[in-house]
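The structure appears right after this line, and notes come after that.
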Amino acid sequence: MSNTLSQIEFENARAEIFCFDNGTEVREYQTMIHVSQTGLTFSKQLEAVQNAYNQLIETHLPGTQAVFKRYFLSDAANQQDEVIVSDVTDCAKSIIQQPPLDGTKIALWCYLMTGVQTGLTNAGLYTVSHGQFKHLWNGSAHNLAANSEYQTRLLFNEYNLQLLEEGCTLEANCIRTWLFVNDIDLNYGGVVRARNQVFFTQGLTVNTHFIASTGIGGRQSNPNVLCQMDNYAIAGIQKEQIHYLYAPTHLNRTSDYGVSFERGTYIDYADRRHVIISGTASINNKGEVIYAKDIVKQTQRMWDNVEALLKEAECNYDDVCEMIVYLRDLADYQIVSELYKKRFPGKPYVIVHAPVCRPGWLVEMECMAVKSISSPTLPQF
């Protein structure tokens, strides 16, 4: 039983891979695929990423199936259609303009598993089935309503109907959302209002619980899409398997400043614990942005906050299997990249350009972690 890190070089691309293997049939892999030649056209960079992914599946990680993919693009208006046509993988796919800051035009995050069955529900959610659970993934949901508030409300209304078709609800089964907001400084307020209203009608309050989430800058090829949503739910999950993370010494409740998401969530199965950390920035337990305009200190405080959340789930950075890092200012990339290389060598992560929901936050990160546990009273993953 072990967590292992590896890196594989391909033609014009490389993959960072985290493997969780606890001896059962379901092994989990998180991989970030990066282009290694910045001067190539987008078509050639996309080809390099796709070839690397195909070689991973066929040669290096045989028997794995894609659970979820996210493409990070530098210019969605000129690139998104080509990605859609080229990727015929049968899994949920998220495509978002959040330029990789290493000078390339595309990067790919991919979550892979062995020993699971995949499919597509009538409601349009991608399923990953094993044992009594159906993991429900969805990517790139969007609409063209008049403003960000209406778009977000419609996104959640449609998602509620999809969940109902699976015998699920937002309150009982949704584990994670991502909300990508076009021009976040302008449109985030509408997203927050809509989410607050929907959650209240669905029984999600400060006295019950919210949902782990990242609300971050990002856009589609169509500039009229002001909010895109990705989401993850689990059919068959029981309330006692889900736990929420607060780290009150470091962070406050998000509801203190008018928004509604959980700082983190972990889910226990008989053999493993999944930990999902929401987008986390340089904030204190009064809800204040700290170390204004200092990218190094903000990065270090953000790490401390994430570490406190992980500790509450009895995990640490060794258990983290992937990280996404969002920067507001492109000029901060070199500093942050060096910090990450030094602290997390070999860990799958990507650093992208995506403004955080408050202008004072220069950097934000999210991550997932997994560890072996033994809880024989709980169902197997």
Side-chain angles (χ1 to χ4, degrees), residues 3-21 27-76 78-114 116 118 126 128 137 139-140 218 230 320-325 333 337 340-341 344-354 366-368 370:
N3 294 342
T4 57
L5 291 172
S6 58
Q7 184 167 299
I8 302 174
E9 297 288 338
F10 302 95
E11 184 178 1
N12 298 326
R14 75 180 190 280
E16 302 151 350
I17 304 162
F18 177 102
C19 172
F20 171 78
D21 183 356
R27 296 189 305 278
E28 300 183 51
Y29 298 88
Q30 296 278 2
T31 181
M32 292 287 182
I33 301 178
H34 308 267
V35 175
S36 53
Q37 297 294 328
T38 58
L40 300 174
T41 65
F42 176 74
S43 294
K44 289 295 185 183
Q45 292 194 29
L46 174 59
E47 182 181 355
V49 167
Q50 300 288 28
N51 287 342
Y53 170 78
N54 291 334
Q55 288 178 60
L56 269 182
I57 296 293
E58 294 164 9
T59 305
H60 300 279
L61 307 176
T64 57
Q65 291 178 274
V67 170
F68 181 75
K69 283 179 161 184
R70 179 173 297 144
Y71 287 92
F72 305 92
L73 304 182
S74 63
D75 181 10
N78 287 303
Q79 299 164 350
Q80 185 170 315
D81 288 350
E82 197 171 341
V83 174
I84 291 170
V85 170
S86 72
D87 190 330
V88 294
T89 314
D90 190 22
C91 75
K93 288 185 282 287
S94 172
I95 304 171
I96 195 71
Q97 179 174 310
Q98 288 181 330
L101 286 176
D102 59 0
T104 62
K105 296 176 179 290
I106 183 171
L108 173 63
W109 165 36
C110 192
Y111 186 9
L112 304 160
M113 288 183 184
T114 62
V116 295
T118 60
Y126 284 88
V128 181
W137 290 89
S140 299
D230 301 345
V320 169
C321 47
E322 60 82 26
M323 298 182 287
I324 301 172
V325 186
Y333 169 71
S337 178
Y340 268 82
K341 284 177 186 175
F344 304 110
K347 189 80 75 176
Y349 68 84
V350 65
I351 304 175
V352 298
H353 180 223
E366 63 176 69
C367 63
M368 294 171 62
V370 59

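Positions are given from 1, in the same order as the sequence printed here. Note that the coordinates shown come from a computational prediction; the quantities given were computed from them, not determined experimentally.
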Find out whether [X] and [Y] are in side-chain contact, i.e. whether some heavy atom of one side chain is under 4.5 Å from a heavy atom of the other.
X: Ile17; Y: Leu56; answer: yes
X: Ser337; Y: Lys341; answer: yes
X: Val67; Y: Tyr29; answer: no
X: Val83; Y: Leu46; answer: yes
X: Glu322; Y: Met32; answer: yes
X: Val35; Y: Val49; answer: yes
X: Gln30; Y: Phe20; answer: no
X: Leu40; Y: Asn12; answer: yes

What's the separation between atom [atom1] in [X] and atom [atom2] in [Y], rounded to the nearest 0.5 Å?
X: Leu73; Y: Leu108; atom1: CG; atom2: CG; result: 10.0 Å
X: Leu61; Y: Arg27; atom1: CG; atom2: CZ; result: 8.5 Å
X: Ile351; Y: Phe72; atom1: CD1; atom2: CZ; result: 11.5 Å

Would you confirm whether the ring centroid of [Y] sits within less than 6.0 angstrom of the ring centroid of [X]?
X: Tyr340; Y: Tyr349; answer: yes
X: Tyr71; Y: Trp109; answer: no
X: His60; Y: Phe10; answer: yes
X: Phe68; Y: Trp137; answer: yes

Check: Should Arg70 and Asp230 be marked as a salt bridge (charged side-chain N to carboxylate O under 4.0 Å, His left out) after you check the CA-CA gap, both sets of side-chain angles, and the distance that decides it?
Finding: CA-CA 10 Å; Arg70 179 173 297 144; Asp230 301 345; 2.9 Å; yes

Any idea which heavy atoms bring [X] and [Y] closest together, and the distance?
X: Ala13; Y: Ala52; answer: CB-CB, 4.0 Å
X: Lys93; Y: Val88; answer: NZ-C, 4.4 Å
X: Pro348; Y: Cys321; answer: CG-O, 3.6 Å
X: Gln50; Y: Ser86; answer: NE2-OG, 2.9 Å
X: Val370; Y: Asn3; answer: O-ND2, 3.8 Å
X: Val116; Y: Gln65; answer: O-OE1, 2.5 Å

Check: Does NZ or CZ of Lys69 come closer than 6.0 Å to the centre of the six-membered ring of Tyr53, within 45° of the ring's axis?
Finding: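 Output yes; distance and angle both within limits.
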
Next item on the list: Please lay out, stage by stage, how Tyr111 and Met368 fare under the test side chain to side chain contact (heavy atoms under 4.5 Å, CB included).
Entry: CA-CA 11 Å; Tyr111 186 9; Met368 294 171 62; 4.1 Å; yes

Between [X] (side chain only) and [Y] (backbone N and O only), is there a donor and an acceptor less than 3.5 Å apart?
X: Glu28; Y: Met113; value: no
X: Gln98; Y: Gly218; value: no
X: Ser140; Y: Ile95; value: yes

Margin query: Testing the 3.5 Å rule here: is there a donor-acceptor pair between the side chains of Asn51 and Asn54?
Written below: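 Side-chain D/A pair, Asn51 to Asn54: absent.
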
Notebook entry, point to check: Does a donor on one side chain and an acceptor on the other come within less than 3.5 Å for Glu82 and Gln80?
Noted result: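 No, no side-chain donor-acceptor pair sits under 3.5 Å.
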
Next item on the list: Evaluate side chain to side chain contact (heavy atoms under 4.5 Å, CB included) for Asp90 paired with Tyr126, printing each intermediate quantity in order.
Entry: CA-CA 8 Å; Asp90 190 22; Tyr126 284 88; 3.3 Å; yes

Item checked: Flag if over 12 foreign heavy atoms under 6.0 Å of CD, Glu11 -> no

Next item on the list: Check the pair Asp21, Thr4 against side chain to side chain contact (heavy atoms under 4.5 Å, CB included), reporting the backbone distance first and the verdict last.
Entry: CA-CA 8 Å; Asp21 183 356; Thr4 57; over 6 Å; no

Check: Can Thr31 and Glu16 be said to form a side chain to side chain donor-acceptor pair (under 3.5 Å), step by step?
Finding: CA-CA 5 Å; Thr31 181; Glu16 302 151 350; over 6 Å; no

